[in-house]
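Here the structure is a predicted model, which means the values were calculated and not measured. Excluded from the calculations below are hydrogen atoms, water molecules and symmetry mates; all remaining heavy atoms, backbone and side chain alike, are included. Quick note on labels: first sequence line is chain A, next is B, and so on, each numbered from 1.
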There are 2 protein chains.
Amino acid sequence: MTTSTDAPRRTRIQQEKRELILEAALEVFSTNGFRGSTIDQIAEAAGMSKPNLLYYFRRKEDIHATLMQRLLDTWLAPLRELDDIGDPMTELRNYIRRKLEMARDFPRESRLFANEILQGAPRIMPLLAGDLKTLVDEKAAVIKSWMRAGKIARTDPWHLIFSIWATTQHYADFDVQVRAVLGPDRGGDGRFEDAARFLEQLFLDGLKPKN
Amino acid sequence: MTTSTDAPRRTRIQQEKRELILEAALEVFSTNGFRGSTIDQIAEAAGMSKPNLLYYFRRKEDIHATLMQRLLDTWLAPLRELDDIGDPMTELRNYIRRKLEMARDFPRESRLFANEILQGAPRIMPLLAGDLKTLVDEKAAVIKSWMRAGKIARTDPWHLIFSIWATTQHYADFDVQVRAVLGPDRGGDGRFEDAARFLEQLFLDGLKPKN
DNA sequence: CAAATTTTTGACCGATTGGACAAACGTTAG
DNA sequence: CTAACGTTTGTCCAATCGGTCAAAAATTTG
């Protein structure tokens, strides 16, 4: 074995073309959902004919599955980095910041994931109840230990994680609405910095006035 | 004119059947998205034949449009109720509570809306930049006045509203994920009460420890 | 170069889709 | 009863869908 990976052996051109297809599919799937997307659309976005695309991925589902599989890893990376050792408050602040940056830099990935969950997660349900739950439970335990140590206020760690997901991903998934509501002046590039400032304050101090 | 409404005149049976279709369409659209849903599915869910359904709604799009139009009204009702006069902190708390109740009681409506926004809001963009923006701007002004009066902490009112939307609707739109992560024991009916408690604390006091 | 292999494509297929239409059926008013 | 009107359905159609296949084109290998 020259290159020993679990993945089936592939030529250089296969690697490239598969990557091209996945990139195109991410674009199409994330804006139209799985059923709303056609192989023709993906093929055209990838600059090749439909039969050619089907030469690299036998079925439409295979493209989507490959995409989801990769996605989940990178998507959960920020949560994995949540460190037991660091200062709790800054750890959480960094996690929120990283999640918001991902919403800004990878909105298509966020929407792809949202589309899947919205429609009942028919294709990744096992992953949610398996790997995802395990990871969240683990990190919830870490957060709980912080609470016991008096480092952060006592609340439900699971719902805390949900709220971080919800508020940050909102800027990717509901981007159209956010921009429409903020209008042309405030809806520009600065909206993510505004969001970062707001979220930091919300999660640290809440809304109660200081005095 | 006996009944003078803007809507075209309709017989009693037409009213009923249209309502039946809209109810069925809400179910189907909210779980499959617009393009992922078929007229046959909706017709079957409504207990009638496809041509019969098309007698009441000429096109698939008309059903969806009618649904969206109604939805937006009821969906924004809680925000409309946000009252200038009441005590700011309790007004906000009540708003969050009402929104969370809507996520619990009308998850299909939430998902229908989320589906539409996720895919770029092609059919309701004008409403977002029009009525919705107007309403949010108006309420943001109210919130701002509360801040000036020192009743709540100073932050960005628009992003505050976004965060309330995000955290509450999360429990409808990402319900599958929430239940999967919480597991069989904690993912039951009690999850909304847990969420309510958590959100109240988050928005009031944030995470900083009391000590 | 020539054979073997990989990549690309045009043509095609069955299934499903949104929608049209005329005929049948039911209901109501005179 | 019957004519008019509202409702329902079976049948059909063109377009689009995911996917196949054989053959052509390009590339790699000896």
Legend entry - B:Lys99 side chain to B:Ile164 backbone, donor-acceptor under 3.5 Å: no
Legend entry - Sugar-phosphate only, base, or nothing, as touched by B:Lys17 at under 4.0 Å among non-hydrogen atoms: sugar-phosphate
Legend entry - Atom pair distance, as rounded to whole Å: CD in A:Gln14 and P in D:dA26: 19 Å
Inset, instruction - May I have the distance from A:Arg58 (atom CZ) to D:dC21 (atom P), rounded to whole angstrom? - result: 11 Å
Just the table, please: protein N/O against nucleotides 23-25 of chain C N/O, every pair under 3.5 Å.
none

Legend entry - Spacing of A:Leu54 atom CG relative to C:dG10 atom P, expressed in whole Å: 14 Å
Legend entry - Presence of B:Asn52 side-chain N/O under 4.0 Å of D:dT9 phosphate oxygens OP1/OP2: yes
Legend entry - Value rounded to 0.5 Å, distance of CZ in B:Arg35 from OG in A:Ser37: 7.5 Å
Inset, instruction - Could you check how far OH of A:Tyr56 sits from P of C:dT8, rounded to whole Å? - result: 4 Å
Legend entry - Pairing of A:Arg97 and A:Glu101 as salt bridge, 4.0 angstrom limit: yes
Determine all donor-acceptor pairs shorter than 3.5 Å in which one atom belongs to a side chain in residues 49-57 of chain A; sequence neighbours excluded.
unit_1, atom_1, unit_2, atom_2, d
A:Ser49, OG, A:Asn52, N, 3.4

Inset, instruction - Would you mind telling me which of D:dT9, D:dG19, C:dG10 lies closest to the side-chain atoms of A:Arg59? - result: D:dG19
Inset, instruction - May I have the distance from B:Ile21 (atom CD1) to D:dT8 (atom C1'), rounded to whole angstrom? - result: 12 Å
Inset, instruction - Salt-bridge test for A:Arg191 and A:Asp175: reply yes if a basic N is under 4.0 Å from a carboxylate O, no otherwise. - result: yes
Inset, instruction - Give one of base, sugar-phosphate or nothing for B:Ile39, where a contact means two heavy atoms less than 4.0 Å apart. - result: sugar-phosphate
Inset, instruction - Identify which nucleotide among D:dT11, D:dG18, C:dA11 has an atom closest to any side-chain atom of A:Pro51, counting heavy atoms from C-beta outward. - result: C:dA11
Inset, instruction - May I ask you to say what B:Phe57 touches in the nucleic acid, namely base, sugar-phosphate or nothing, with a heavy-atom cut-off under 4.0 Å? - result: nothing
Legend entry - Whole-Å distance separating the CE atom of A:Met48 from the P atom of D:dA26: 16 Å
Inset, instruction - Could you state the atom-to-atom distance from NZ of B:Lys60 to P of C:dG18 in whole Å? - result: 4 Å
Legend entry - Euclidean distance, atom CD of residue B:Glu61 to atom C1' of C:dT17 [Å, nearest integer]: 15 Å
Legend entry - Any side-chain heavy-atom pair of B:Arg93 and B:Phe203 under 4.5 Å: no
Inset, instruction - Tell me which nucleotide among D:dT9, D:dC17, C:dG18 gets nearest to the side chain of A:Thr38. - result: D:dC17
Inset, instruction - May I ask you to verify whether the side chain of B:Lys50 and the base of C:dG18 hold a donor-acceptor pair under 3.5 Å? - result: yes
Legend entry - Side chain to side chain, A:Leu72 and A:Phe113, heavy atoms closer than 4.5 Å: yes
Legend entry - Side-chain N or O of B:Tyr55 closer than 4.0 Å to phosphate OP1/OP2 of D:dT7: yes
